[in-house]
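Notes follow the structure.
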Amino acid sequence: MSTGHILEVEGLHAHYGKSHVLQGVSMRVGEAELVTLLGRNGAGKSTTLKSIAGAVLPTGGRVRFQGADVAGQPPHRIAQRGVCLVPEHRGVFKLLSVEENLLLGQRRESPWQLDDIYRVFPRLKERRRNGGGQLSGGEQQMLAIGRALMNHPRLLILDEPVEGLAPVIVEEIVAQLKTIKAAGVAILLVEQNLEVCVQLADRHYIVEQGVIVHEAANADFVADHQVKDRYLGVGLA
Ligand SMILES: Nc1ncnc2c1ncn2[C@@H]1O[C@H](COP(=O)(O)OP(=O)(O)OP(=O)(O)O)[C@@H](O)[C@H]1O
Ligand SMILES: [Mg+2]
């Protein structure tokens, strides 16, 4: 039985020691859908992403991916199923070349091979022989996303992919994410830059103190200034 959702999170809990950080997060991502998870600093966004990907062990609730309950499985097992988390600090190997970094993610059965990555990210092709340490912040982010694609994700999870990047690079990455989405990859995005979020997303969730407090389709979210002010403390021009 298919629900049309690739990811279904139900009542997810997570602790750091005695600190009860996720207190029953429920959310869904559809096939080829781009969903954002928004919220203030410390609300539990990164912890939610890590709990889905297995980097943090959930202490309660369900994570169903393509119908299978994956909560509690080790990260590599969840990744094998097609959940790829690109964490905040990017994880580019500085002493390896761009191409070597990409090949680390390679899977023979993936529809995303080197040429496909270079088509989406022409800068990476130009820089293929450069060391990871020689890349700009934006190029490192592209490389991290490209490597995740090589690993054949059905769900790509991105934690603040454009944080600290120059506006022109942000625009480039937004266009690249649109291309990746159009290829049918579902994306779960955490990003503080609301302009980026509303350009890309089909739907948004807002998390506050470890609970989802709001859900909206993109058009409704864009029109709803009260919600942005109340939960995020920002207005959107
Ligand atoms: N490794 C950790 N050990 C203990 N507490 C942690 C750890 N990581 C996060 N926390 C705490 O858990 C809560 C949720 O953190 P999380 O990183 O999920 O928030 P976030 O919404 O991603 O915030 P930000 O916008 O700052 O990235 C915060 O109170 C944070 O201080
Ligand atoms: Mg975070």
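The first residue in the sequence is number 1, and the count goes up from there. Remember, it's 1-based here, ligands and their atoms both numbered in the order they're listed.
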Identified side chain to side chain donor-acceptor pair (under 3.5 Å) counterpart of Y118 within the set R123, E99, Q113: E99

shortest atom 25 (O) of ligand 1-to-protein heavy-atom contact is with K45 NZ, 2.8 Å

of all protein heavy atoms, closest to atom 27 (O) of ligand 1 is E160 OE2, 3.7 Å

Contact summary for P58 and A71, nearest pair of heavy atoms: CG-CB, 4.3 Å

Among all the protein's non-hydrogen atoms, which is closest to atom 16 (P) of ligand 1, and how far away is it? T47 OG1, 3.5 Å

Salt bridge (charged side-chain N to carboxylate O under 4.0 Å, His left out) with E33: which of R203, K181, R28, R154? R203

Is the distance between the Mg ion (ligand 2) and the nearest N/O/S atom of S46 smaller than 2.8 Å? yes

Test item: S19 side-chain N/O and V21 main-chain N/O as donor-acceptor pair under 3.5 Å: no

Got a protein heavy atom sitting under 4.0 Å from atom 31 (O) of ligand 1? no

Would a distance-only check, ignoring hydrogens and angles, find a side-chain to backbone donor-acceptor pair under 3.5 Å from R147 to G91? yes

Under 4.0 Å from a heavy atom of A43: which atoms of ligand 1 are those, numbered in the order shown and with their elements? 19 (O), 21 (O)

Which of the atoms of ligand 1 are close to Q192, meaning less than 4.0 Å from one of its heavy atoms? 25 (O)

Check if G39 has a non-hydrogen atom at a distance under 4.0 Å from any atom of ligand 1. no

Please report which non-hydrogen protein atom sits nearest to atom 12 (O) of ligand 1, along with the residue it belongs to and the distance in Å to one decimal place. V21 CG2, 3.4 Å

Could you check whether any side-chain N or O of T36 sits under 3.5 Å from a backbone N or O of L189, counting only pairs where one atom can act as donor and the other as acceptor? no

Can you tell me which residue and heavy atom of the protein come closest to atom 28 (C) of ligand 1, and the distance to 0.1 Å? G42 O, 3.6 Å

What atoms in ligand 1 come closer than 4.0 Å to a heavy atom of R40? 21 (O)

Among protein heavy atoms, which sits nearest to atom 17 (O) of ligand 1, and what does the distance come to when rounded to 0.1 Å? S46 CB, 3.7 Å

Look at atom 5 (N) of ligand 1 and say which protein heavy atom is nearest, naming residue and atom and giving the distance to 0.1 Å. Y16 CD1, 3.4 Å

Does either side chain, that of H13 or that of T59, offer a donor lying less than 3.5 Å from an acceptor on the other one? no

D159 (side chain) donor-acceptor with V190 (main chain) under 3.5 angstrom: no

